[in-house]
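Structure, as structure tokens:
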There are 2 protein chains.
Amino acid sequence: MIKQKNEDIAYEKIKRAMMLKRLVAGQRVTEEWVGNELKMSRTPIRAAFNRLENEGLMELVPHRGAFVCNPSDKELEDVFNLRIVLESYAAELAVHQMTEENFQEMDQLLEEERKAYEKKDYEEFLRINAQIHAYPARVAQNKFLLQEVEKLNQWSDCYLILRDNFYSTPMNQALSIPEHQGVVTALKKRDIAAAKKAIEAHMLSTLNDLSERTSIFN
Amino acid sequence: MIKQKNEDIAYEKIKRAMMLKRLVAGQRVTEEWVGNELKMSRTPIRAAFNRLENEGLMELVPHRGAFVCNPSDKELEDVFNLRIVLESYAAELAVHQMTEENFQEMDQLLEEERKAYEKKDYEEFLRINAQIHAYPARVAQNKFLLQEVEKLNQWSDCYLILRDNFYSTPMNQALSIPEHQGVVTALKKRDIAAAKKAIEAHMLSTLNDLSERTSIFN
DNA sequence: TTTTAATAAATTGTATACAATCTTAATATA
DNA sequence: TATATTAAGATTGTATACAATTTATTAAAA
């Protein structure tokens with residue numbers, strides 16, 4: 001059992017606070033305040049802030065404080081479009097490398113996703129969702145690609161939640177299960193065109209759902 | 001004039017030391033040692049190390065030290081292939097947004113690149129090279145895409161230099177000038193297929209040159 | 001009243017001291 | 001000699017004190 005560093009714990013807890021909306025978009029937080037909340041000194045908090053800034057989840061303003069990111073519609077669109085490009089590329093690389101074992105693992109992830117949905121365990125659902133999206137990049141074994149796919153996925157989760165748009169209702173999760181299934185089916189057929197189409201459709205479906213929810217009448 | 005933070009200065013200087021091969025691939029460096037060299041305390045050095053690790057230029061091993069990255073052939077290939085994907089996508093987004101002014105700016109960058117080559121100012125050459133590669137992503141105004149394109153470009157530079165493969169001789173720089181020209185020409189014609197082809201060809205030409213130089217007989 | 005200047009407060013940026021952890025070397029034991 | 005144990009050293013990880021910088025407040029002047 002390796003002991004986790006405080007700066008890692010701080011990073012995780014701040015991100016989780018965003019996911020649970022205990023920190024809201026645009027909110028100002030200071031190193032001292034978070035340090036008191038987490039009962040740590042400012043040193044590890046500072047390291048965590050830097051990491052979060054680098055990942056686009058916080059904005060650091062010198063001598064003023066740190067701010068939880070407040071993503072615009074444009075930024076969300078940009079991220080989703082980039083995810084389409086990267087995950088499609090990952091699928092292209094992976095499609096001829098996937099073994100029977102890989103397909104079994106993907107099926108199991110889909111199964112676990114379904115269970116998490118039924119249990120209404122949204123944090124678990126998001127965790128598995130991230131694994132599914134990153135799976136082709138993992139098979140492709142391009143670590144730079146994998147890192148970026150995982151990072152953008154995390155961005156998406158935080159952004160959507162901070163904007164109150166997603167996973168607040170379980171409806172959207174229900175939809176994504178068959179869409180994930182569709183991607184896996186295409187990969188099994190080694191049909192890269194179909195896989196890309198399914199990835200793009202799934203990503204846009206998520207994004208569109210978002211646009212609807214953004215309406216003030218929802 | 002905004003005063004730069006020590007952690008930013010440290011970050012820049014460490015990266016520059018890599019570019020000038022004062023730090024070599026795999027070399028071990030400690031926070032204390034770098035702090036003494038740069039006449040700073042460990043605090044800003046530590047922040048710089050974290051940033052460099054996040055960008056893949058260093059590897060941090062708890063309680064053992066930090067190591068300058070030692071990229072493998074596979075990693076270099078992976079990065080260049082990813083750059084093809086991202087810069088092609090950027091070109092696709094930018095191709096119909098580029099104005100006459102944009103084209104003039106690109107031409108000017110090409111001109112400056114030529115001058116830097118003639119002056120044998122390699123640091124300047126690399127700086128302009130980075131601007132040229134990032135230009136379409138900048139026009140596309142997807143800040144996530146731009147950030148990633150710039151980051152991968154920097155990786156490439158450091159990796160190539162750490163492996164003694166590039167820009168040690170001016171030959172490779174001479175080659176890339178007409179290749180850059182080719183990309184710009186295609187963009188001017190709004191010919192996205194040609195632009196993508198030119199981008200891919202340029203990237204692979206750089207990578208191939210690398211493979212040749214990797215031979216122990218060179 | 002509005003603008004300007006000076007001062008105080010808040011916050012980050014940095015240095016330093018100390019604690020925890022890992023590595024290495026020395027020592028003891030089989 | 002080989003292996004296990006222990007201790008010492010080196011290095012990062014964390015807390016804290018202080019410096020530098022920015023913002024907010026107050027007071028003064030126009």
Side-chain angles (χ1 to χ4, degrees), chain A residues 1-18 22-70 147 158 162, chain B residues 1-18 22-70 147 158 162:
Chain A
M1 178 64 185
I2 36 171
K3 177 162 186 204
Q4 226 180 349
K5 290 188 282 189
N6 273 358
E7 58 184 66
D8 296 329
I9 296 171
Y11 168 82
E12 297 289 349
K13 291 206 170 177
I14 295 168
K15 210 168 59 182
R16 187 156 184 274
M18 291 181 187
R22 293 179 189 162
L23 295 175
V24 301
Q27 181 173 346
R28 177 167 175 259
V29 292
T30 64
E31 295 174 0
E32 194 185 11
W33 180 72
V34 178
N36 288 337
E37 291 288 318
L38 298 182
K39 284 156 186 43
M40 297 175 190
S41 79
R42 277 177 50 217
T43 309
I45 305 294
R46 204 173 153 72
F49 275 19
N50 279 323
R51 232 172 112 187
L52 289 162
E53 184 196 32
N54 189 282
E55 294 182 3
L57 300 177
M58 278 189 142
E59 191 176 354
L60 304 187
V61 184
H63 296 108
R64 267 207 50 71
F67 297 83
V68 177
C69 71
N70 193 3
Q147 186 182 317
C158 279
L162 284 171
Chain B
M1 178 64 184
I2 36 172
K3 178 165 184 202
Q4 226 179 351
K5 290 188 281 188
N6 273 357
E7 58 184 67
D8 296 328
I9 297 171
Y11 168 81
E12 297 290 348
K13 292 208 170 176
I14 295 168
K15 210 167 60 184
R16 186 154 185 276
M18 291 182 187
R22 294 179 190 163
L23 295 176
V24 300
Q27 181 174 346
R28 178 167 175 259
V29 292
T30 65
E31 295 174 1
E32 195 185 9
W33 180 73
V34 177
N36 288 336
E37 291 288 319
L38 299 181
K39 284 156 183 44
M40 298 176 188
S41 78
R42 278 177 50 217
T43 309
I45 304 296
R46 204 174 152 72
F49 275 19
N50 279 324
R51 233 172 112 187
L52 289 162
E53 183 196 32
N54 190 281
E55 294 182 4
L57 299 178
M58 278 189 144
E59 189 177 356
L60 305 187
V61 183
H63 296 108
R64 267 207 49 70
F67 297 82
V68 177
C69 71
N70 193 1
Q147 186 182 318
C158 280
L162 284 172

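Throughout, a chain's letter reflects where its sequence line sits, starting with A, and its residues are numbered from 1. What's counted below: heavy atoms across the whole structure, side chains too, no hydrogens, waters or symmetry copies.
- Across the protein-nucleic acid pair, Y11(B) atom OH and dG13(C) atom C1' stand 19 Å apart, rounded to whole Å.
- At the phosphate of dT12(C), neither OP1 nor OP2 sits under 4.0 Å from any side-chain N or O atom of R46(A).
- Rounded to an integer number of Å, the gap from E31(B) CD to dT14(D) C1' is 12 Å.
- When distances are taken from the side chain of P44(A) to each of dG13(D), dT14(D), dA15(C), the shortest belongs to dT14(D).
- The phosphate of dT11(C) (OP1 or OP2) has a side-chain N or O of R28(A) nearer than 4.0 angstrom.
- Taking atom CH2 of W33(A) as the reference point, atom C1' of dT12(C) lies 17 Å away to the nearest angstrom.
- If you take CD1 of I45(A) and P of dG13(C), they are 15 Å apart, rounded to a whole angstrom.
- In this structure, E7(A) places its CD atom 10 Å from C1' of dT12(D), rounding to the nearest Å.
- Within the 4.0 Å cut-off from OP1 or OP2 of dA15(D), at least one side-chain nitrogen or oxygen of S41(A) is found.
- For CD of E32(B), the number of neighbouring non-hydrogen atoms (other residues, nucleotides, ligands) closer than 6.0 Å is 12 at most.
- Side-chain contact between N50(A) and L60(A) is present, with at least one heavy-atom pair separated by less than 4.5 Å.
- Nearest to the side chain of R64(A), among dG13(C), dT23(D), dT16(C), sits dT23(D).
- The environment of CD in E59(A) is sparse: at most 12 heavy-atom neighbours from other residues, nucleotides or ligands sit within 6.0 Å.
- At whole-Å resolution of the value, CG in L60(B) and P in dT12(D) are 9 Å apart.
- Comparing H63(A) and K39(A) by the nucleotide of DNA chain D whose heavy atom lies nearest to each, the residue mapping closer to the 5' end is K39(A).
- dT11(D) atom C1' lies 12 Å from atom NZ of K5(A), rounded to whole Å.
- Heavy atoms of T30(A) sit under 4.0 angstrom from primed sugar atoms or phosphate atoms, though from no base atom.
- Here NZ of K13(A) is found 10.0 Å from CD1 of I45(A). Values are rounded to the nearest 0.5 Å.
- Taking CE of M40(A) as the start and CZ of R42(A) as the end, the distance is 14.5 Å to the nearest 0.5 Å.
- When the nearest nucleotides of DNA chain C are assigned to M40(B) and V61(B) by heavy-atom distance, the more 5′-ward of the two goes with M40(B).
- Computed from coordinates, the N50(B) CG to dT12(D) P distance equals 12 Å when rounded to whole Å.
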